[in-house]
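Have a look at the structure below before the remarks.
Note that the coordinates shown come from a computational prediction; the quantities given were computed from them, not determined experimentally. Chain letters run A, B, ... following the sequence lines, proteins first and then strands; every chain starts at 1.
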Protein chains: 4
Amino acid sequence: MTESRRGRPRSTVVHAAILDATRALLIEKGYADVSMDRVASHAGVGKQTLYRRWPSKAQLVAEAVMDAHHSGGSFALLDTGDVAADLRDWLLRYADAVAPPQNAALVRALAAAAAEDLRDGEALYRQLTGPQHDAVMQRLRQGIAAGQVRADTDVEAVADALIGTILYRVLARPTTTGETTRHADGLIDALIAGVRA
Amino acid sequence: MTESRRGRPRSTVVHAAILDATRALLIEKGYADVSMDRVASHAGVGKQTLYRRWPSKAQLVAEAVMDAHHSGGSFALLDTGDVAADLRDWLLRYADAVAPPQNAALVRALAAAAAEDLRDGEALYRQLTGPQHDAVMQRLRQGIAAGQVRADTDVEAVADALIGTILYRVLARPTTTGETTRHADGLIDALIAGVRA
Amino acid sequence: MTESRRGRPRSTVVHAAILDATRALLIEKGYADVSMDRVASHAGVGKQTLYRRWPSKAQLVAEAVMDAHHSGGSFALLDTGDVAADLRDWLLRYADAVAPPQNAALVRALAAAAAEDLRDGEALYRQLTGPQHDAVMQRLRQGIAAGQVRADTDVEAVADALIGTILYRVLARPTTTGETTRHADGLIDALIAGVRA
Amino acid sequence: MTESRRGRPRSTVVHAAILDATRALLIEKGYADVSMDRVASHAGVGKQTLYRRWPSKAQLVAEAVMDAHHSGGSFALLDTGDVAADLRDWLLRYADAVAPPQNAALVRALAAAAAEDLRDGEALYRQLTGPQHDAVMQRLRQGIAAGQVRADTDVEAVADALIGTILYRVLARPTTTGETTRHADGLIDALIAGVRA
DNA sequence: GTGTAACCGAGACGGTACGTCGTGTCTTATT
DNA sequence: AATAAGACACGACGTACCGTCTCGGTTACAC
């Protein structure tokens with residue numbers, strides 16, 4: 001049942017304009033140099049319109065980044081029957097998505113937003129990486145069921161390693177995100193076959 | 001050649017007091033709620049004394065965290081001849097070091113400082129993780145030379161995975177840093193022997 | 001023609017509260033010990049609200065003092081037909097107005113504000129004393145027209161003497177402003193009849 | 001008895017250099033924009049050397065201005081037997097001394113120093129104007145004794161008027177100090193003969 | 001000559017105020 | 001009721017200044 005809305009409804013156009021302005025500024029200036037005033041004036045919007053929708057700058061930035069992340073494409077981890085190929089395929093797409101400097105900047109902005117609030121930070125990371133993390137674990141468990149993956153595998157540790165690698169490279173080596181794709185192959189090789197001679 | 005030392009020299013006592021105060025406040029309040037004013041008053045110091053040494057809050061926090069990290073103990077990656085045992089030993093010590101909430105809080109603070117400044121962020125991570133990263137790569141190369149590790153191993157990818165895992169868990173799951181130690185074993189198993197059945 | 005009035009208008013209540021707080025602090029502490037922070041907190045106001053209205057402490061103090069001076073009463077120099085009586089009456093009222101320690105403190109504060117800025121200082125004094133100075137000159141010219149005052153009188157010199165005396169006593173002998181009133185009579189006697197035997 | 005002075009004696013050269021630097025800066029920048037650091041570096045001197053001699057900036061400025069005032073010439077109020085001529089002569093010399101913009105700037109600086117401290121301010125004005133004030137009163141009393149001046153003259157009021165006029169013009173009309181000399185004549189005329197027709 | 005005490009330039013120190021900027025709330029007129 | 005504009009309380013930023021303290025080094029008197 002739709003709850004009766006009185007008065008002027010919120011403009012979805014305005015909503016999108018704010019998120020766009022936020023992303024543009026984040027990419028151009030970085031989290032610290034983006035102020036709510038700047039976002040408002042850049043979006044041609046009053047400041048109250050921002051706070052009517054998001055309770056804080058961190059939340060606005062979070063939604064702006066997540067919004068791009070979700071609309072930016074699907075990172076579905078398919079099950080073609082070959083675990084190694086499926087994980088390799090997914091990791092390469094994931095690395096490619098983060099490779100463009102703008103997207104890397106957005107991830108860094110989200111890290112900054114997460115750092116703002118100790119409590120919300122955890123939730124933010126979970127929102128960003130949770131679905132992928134779960135997908136990797138599920139695929140590995142399917143691999144175990146299919147007899148392709150050793151039953152004693154610590155699936156959480158492997159999922160952490162795949163996502164942690166991406167995150168670490170984005171945060172610590174933002175200028176070499178291009179290489180991340182190359183090393184994705186090496187990482188999958190090591191995890192599937194082991195590094196032991 | 002004499003680097004003319006004129007005027008009153010900077011006090012090392014004051015220097016240490018500032019770093020101590022910074023760490024105490026970071027642990028208690030988190031990066032966002034630590035202000036230069038608070039650090040100064042907590043350290044019984046004038047604000048100018050802070051800015052005489054560090055150009056910004058991010059730099060001060062970086063040094064405070066690094067200082068604790070360095071003095072906090074050595075994470076030497078020994079070479080006992082057994083690559084798997086050496087890496088496992090080192091990763092467990094590394095995970096244990098980050099496990100205490102206070103140390104986790106300091107790492108999170110460093111991430112926040114890095115996120116603040118697009119330019120310095122990269123350097124900060126490199127300072128923090130660089131030595132460990134290099135040590136892992138070197139040990140793997142020695143393993144290759146000793147015939148214990150496959151020659152085609154992407155040593156950088158493996159190093160990224162080990163350090164990225166730790167970082168990811170600290171940032172995204174700060175309340176479960178204790179479990180990180182447990183999964184360290186699983187990660188080493190997977191990387192050494194592979195997950196393939 | 002419409003001076004686009006958009007956004008929240010500036011509060012006159014706040015304006016008055018700031019001027020009141022400024023005067024209270026000036027009287028209690030003196031110009032040097034009044035800070036913008038203190039004025040703001042005493043007025044229950046943010047510092048930016050001060051700087052939105054006045055560009056500097058000197059300007060704020062100037063307006064606060066002037067405001068009291070203007071609203072404090074009229075020092076009209078009447079024309080009853082008797083120049084000596086009119087000037088004597090006006091000078092006594094003027095001296096009395098400055099006599100209370102609080103008012104003397106405000107005048108001293110204005111002198112301090114004027115000294116702060118070489119450029120604005122002149123304008124400040126002119127605002128404070130200009131109207132009175134003009135009134136004295138005008139009354140003397142009317143006296144000349146009425147045949148009561150010698151035609152070759154240097155009316156500006158006489159106006160300077162009357163106002164300069166008050167100012168000098170307030171600045172140089174703040175503890176004896178009470179006596180100023182007594183000497184006002186003597187000054188008028190000397191100027192009207194001359195001191196020559 | 002001279003108290004035995006041990007150790008290196010204070011340099012009179014340094015003393016003079018500091019006062020010179022202080023005056024130069026006061027004339028160039030005004031009281032508020034002269035800092036102790038600037039005076040020290042301008043005089044090629046350590047800051048402690050300033051504070052070894054003067055307890056505060058206000059005191060240093062006061063001495064610098066007074067020093068120029070005293071060495072600048074004598075304003076002796078002679079007694080030639082003609083009160084009117086003597087006062088006129090003295091007032092003209094006094095006005096001339098203050099006329100140059102640099103000297104006016106120094107007087108304004110002293111006013112600023114006096115405004116800094118409510119207690120010392122009074123003493124400063126007394127030091128600056130006291131001797132002249134006393135001299136005027138004494139000369140008038142001699143005039144009374146000689147029968148040239150009316151016995152009921154309020155000599156203090158007259159002295160206040162003469163000195164107050166000079167001060168008022170310097171503070172309120174610094175750009176027209178040249179005219180001050182012209183009006184000195186008119187003021188003496190009015191005070192001696194009265195303005196009554 | 002050789003202490004030694006006070007001086008000197010330099011600059012770090014604790015503290016306070018400055019004037020600016022950012023966050024999140026509130027208040028206008030307008031739509 | 002939502003909007004653009006912008007004032008508001010609060011508080012952090014980074015700089016400048018005051019007056020003190022602490023270095024290495026110098027100068028003149030006393031022994």
Please determine whether side chain to side chain contact (heavy atoms under 4.5 Å, CB included) holds for the pair A:His42 and A:Val39, giving the CA-CA distance in whole Å, both sets of side-chain angles, and the decisive distance to 0.1 Å. CA-CA 5 Å; A:His42 198 274; A:Val39 170; 5.8 Å; no
Euclidean distance, atom [atom1] of residue [X] to atom [atom2] of [N] [Å, nearest integer]:
| X | N | atom1 | atom2 | answer |
| --- | --- | --- | --- | --- |
| C:Trp54 | E:dC18 | CH2 | P | 14 Å |
| D:Met36 | E:dA12 | CE | P | 19 Å |
| B:His42 | E:dG15 | NE2 | P | 14 Å |
| A:Leu25 | E:dG22 | CG | C1' | 15 Å |
| A:Gln48 | F:dC8 | CD | P | 16 Å |
| D:Asp37 | E:dA12 | CG | C1' | 12 Å |
| B:Arg52 | E:dC13 | CZ | C1' | 6 Å |
| D:Asp33 | F:dA16 | CG | P | 13 Å |

For the side chain of C:Arg8 and the base of E:dC26, is some donor closer than 3.5 Å to an acceptor across the two? yes
Is any side-chain N or O of [X] closer than 4.0 Å to OP1 or OP2 of [N]?
| X | N | result |
| --- | --- | --- |
| B:Arg6 | F:dC23 | no |
| D:Tyr51 | F:dT20 | no |
| B:Arg38 | F:dA12 | yes |
| C:Thr49 | F:dA9 | yes |
| D:Arg10 | E:dC7 | yes |
| A:Arg53 | F:dT3 | yes |

Distance-only side-chain donor-acceptor flag, D:Arg10 / D:His15, under 3.5 Å: no
By nearest heavy atom, map C:Lys57 and B:Gly7 onto DNA chain E; which one lands nearer the 5' end? B:Gly7
Quick check: on DNA chain E, is the nucleotide nearest B:Lys47 upstream (toward 5') of the one nearest B:Pro9, or the reverse? Name the residue that is more 5'. B:Pro9
Cation-pi check, B:Lys57 to B:Tyr31: give yes when NZ or CZ is under 6.0 Å from the six-membered ring centre and within 45° of the ring axis, no otherwise. yes
Over all strands shown, is A:Val34 touching base, sugar-phosphate only, or nothing at heavy-atom distances under 4.0 angstrom? sugar-phosphate
Which part of the nucleic acid, if any, lies within reach of A:Val14 when heavy atoms closer than 4.0 Å are counted: base, sugar-phosphate only, or nothing? nothing
Looking at C:Arg23 and C:Asp67, does any basic side-chain N land under 4.0 Å from a carboxylate oxygen? yes
